[in-house]
Amino acid sequence: MLDYDGDGWMDLYLVNSGPDPIMSDAPPDTPRHPNRLFRNLGNGTFADVTAQAGVAGHGFGTSAAAADYDNDGDTDLLVVNFGSIILYQNQGDGTFRDVTEAAGLHNPRAGISATFLDVDRDGWLDLFIANYLVFDPALKVEPGSPQPYPGPLAYPPEFNVLYRNQGDGTFADVSEASGIRIPGHRAMSVTALDYDLDGDADLYVSNDGTPESAPRQRRAGTLPRRGLAAGRGVQSVR
């Protein structure tokens, strides 16, 4: 949900998946249903404005996040795909522009969720991408297995990524320096919140079949792991 046109009414953006040669046997030219942006008309109804807004997307979509990353007063849009991400900059006239490459964003991983937060308290929103696992289409269950497909622990985990907003329209990968490259996890979702009420934005990452993690800010820009120590256990999402 986002107010993309600044009229005070919350609009709705829906992400579609679609055929992907990595994940399915569908031909690469199989038509993909576009993502959809529905404008809230303020009378209880919505209108599909996807085409005119320029946010149809591409690839195997998994989720989206909305925030004003460039501090211009308009809400921008990030789409997470399997193998890529898309950053749509709100132009303030009802349209968006794909600025992914210009922003230096690159996530060729199994992205599954994302959130914006100001990690270093510099007034610019940074970006956290939650990645699932390293998918291998050749991996199959043993013949006669009661499972129809391999579980998450059958695949190698994938590192999450933290991008620092440099305030000039670009982002830099600071995953290593920030302490969020935690091995052995398969993320399913992420949310940002100040759970310890110390004024810093913390993260809560829900993992699939592995311990959940709650990176907590120790100082601006670093997010050491907390999870079991904070009273959270293991969640297996099916």
Side-chain angles (χ1 to χ4, degrees), residues 1-18 32-108 111-130 161-174 189-194 200-201 203 220-221:
M1 304 294 293
L2 71 158
D3 182 8
Y4 86 97
D5 53 1
D7 65 354
W9 295 93
M10 296 301 290
D11 311 299
L12 177 63
Y13 188 74
L14 300 177
V15 179
N16 281 314
S17 53
R32 174 191 182 274
H33 292 291
N35 301 340
R36 298 288 187 183
L37 176 62
F38 291 99
R39 180 174 179 262
N40 190 333
L41 301 179
N43 61 1
T45 67
F46 291 79
D48 187 340
V49 295
T50 309
Q52 50 264 53
V55 289
H58 56 75
F60 194 101
T62 56
S63 64
D68 181 13
Y69 82 91
D70 53 2
N71 289 352
D72 66 352
D74 299 312
T75 303
D76 309 297
L77 185 63
L78 179 97
V79 181
V80 182
N81 290 330
F82 183 93
S84 67
I85 51 179
I86 310 170
L87 180 62
Y88 286 118
Q89 184 186 54
N90 193 327
Q91 302 300 289
D93 58 0
T95 68
F96 291 79
R97 183 166 64 98
D98 184 342
V99 295
T100 312
E101 185 175 350
L105 292 174
H106 184 58
N107 189 58
I112 199 166
S113 185
T115 190
F116 287 93
L117 72 161
D118 187 1
V119 170
D120 50 6
R121 293 182 294 180
D122 64 352
W124 296 92
L125 289 174
D126 310 301
L127 176 61
F128 183 93
I129 306 291
V161 181
L162 178 64
Y163 288 101
R164 180 180 180 269
N165 190 331
Q166 303 192 98
D168 59 358
T170 67
F171 291 80
D173 187 338
V174 294
S189 64
V190 60
T191 190
L193 74 164
D194 181 12
D200 296 318
L203 286 167

Chemist: Mind checking what makes side-chain contact (heavy atoms from CB on, under 4.5 Å) contact with D70, not counting sequence neighbours?
Modeler: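 Scan of D70 (side-chain contact (heavy atoms from CB on, under 4.5 Å), adjacent residues dropped) gives D68, D72, D76, Q89.
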Chemist: Just distance, no hydrogens or angles: give the donor-acceptor pairs under 3.5 Å from side chains in residues 38-49, sequence neighbours left out.
Modeler:
from	atom 1	to	atom 2	distance (Å)
R39	NE	D5	OD2	2.7
N40	OD1	G42	N	2.9
N40	ND2	M10	O	3.0
N43	OD1	T45	N	3.1
N43	OD1	T45	OG1	2.6
D48	OD1	T50	N	3.0
D48	OD1	T50	OG1	2.6
D48	OD2	R36	NH1	3.1

Chemist: Hey, mind stepping through Q91 and T95 against side chain to side chain donor-acceptor pair (under 3.5 Å) and telling me if it holds?
Modeler: CA-CA 6 Å; Q91 302 300 289; T95 68; 5.7 Å; no
Chemist: Who pairs with D122 by salt bridge (charged side-chain N to carboxylate O under 4.0 Å, His left out), at least two apart in sequence or on another chain?
Modeler: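 With neighbours one apart ignored, the set is R164.
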Chemist: Could you name each residue pair satisfying salt bridge (Lys or Arg N to Asp or Glu O under 4.0 Å) that touches residues 86-95, not counting sequence neighbours?
Modeler: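 Counting only pairs at least two positions apart or across chains, no salt bridge (Lys or Arg N to Asp or Glu O under 4.0 Å) contact touches residues 86-95.
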Chemist: In this structure, are over 12 heavy atoms from other groups packed under 6.0 Å from H58 atom NE2?
Modeler: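 For H58, atom NE2 is crowded (more than 12 foreign heavy atoms under 6.0 Å).
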Chemist: Just verifying a value: how many Å separate Y69 OH and D118 CG, rounded to the nearest 0.5 Å?
Modeler: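 Here the interatomic distance stands at 15.5 Å.
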Chemist: To the nearest 0.5 Å, tell me how far R32 CZ sits from S17 OG.
Modeler: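 The distance works out to 7.5 Å.
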Chemist: Nearest 0.5 angstrom please: L14 CG to N35 CG, how far?
Modeler: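 These two atoms lie 8.5 Å from each other.
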Chemist: Set out, in order, the CA-CA distance, both residues' side-chain angles and the distance that settles side chain to side chain contact (heavy atoms under 4.5 Å, CB included) for F128 and V119, then state yes or no.
Modeler: CA-CA 10 Å; F128 183 93; V119 170; over 6 Å; no
Chemist: Tell me every residue that passes side-chain contact (heavy atoms from CB on, under 4.5 Å) with D194, counting only those two or more places apart in sequence or in another chain.
Modeler: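 Only D196, D198, D202 meet the side-chain contact (heavy atoms from CB on, under 4.5 Å) criterion with D194.
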Chemist: Please name the pair of heavy atoms, one in T75 and one in F96, separated by the smallest distance, quoted to 0.1 Å.
Modeler: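 For T75 and F96, the tightest heavy-atom pair comes out as O-CE2, 3.7 Å.
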Chemist: Who pairs with S63 by side-chain contact (heavy atoms from CB on, under 4.5 Å), at least two apart in sequence or on another chain?
Modeler: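 Applying side-chain contact (heavy atoms from CB on, under 4.5 Å) to S63 gives V80, S113.
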Chemist: With sequence neighbours excluded, what pairs up with S84 under the side-chain hydrogen bond (donor to acceptor under 3.5 Å, both in side chains) test?
Modeler: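 With neighbours one apart ignored, the set is N81.
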Chemist: Would you please name every residue forming a side-chain contact (heavy atoms from CB on, under 4.5 Å) with L105, sequence neighbours left out?
Modeler: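 L105 satisfies side-chain contact (heavy atoms from CB on, under 4.5 Å) with L78, I85, L87, T100, A103, L127, Y163, F171 once adjacent residues are dropped.
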Chemist: Could you grab the distance from atom CH2 of W124 to atom CG of N71, nearest 0.5 Å is fine?
Modeler: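 Answer rounded to 0.5 Å: 4.5 Å.
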Chemist: Not counting sequence neighbours, which residues clear ring-ring contact (aromatic ring centres under 6.0 Å, His included) with Y88? List them please.
Modeler: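 Listed in chain order: nothing, the list is empty.
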Chemist: Yes or no on side chain to side chain contact (heavy atoms under 4.5 Å, CB included) for M1 and L12, after CA distance, side-chain angles and deciding distance?
Modeler: CA-CA 5 Å; M1 304 294 293; L12 177 63; 3.4 Å; yes
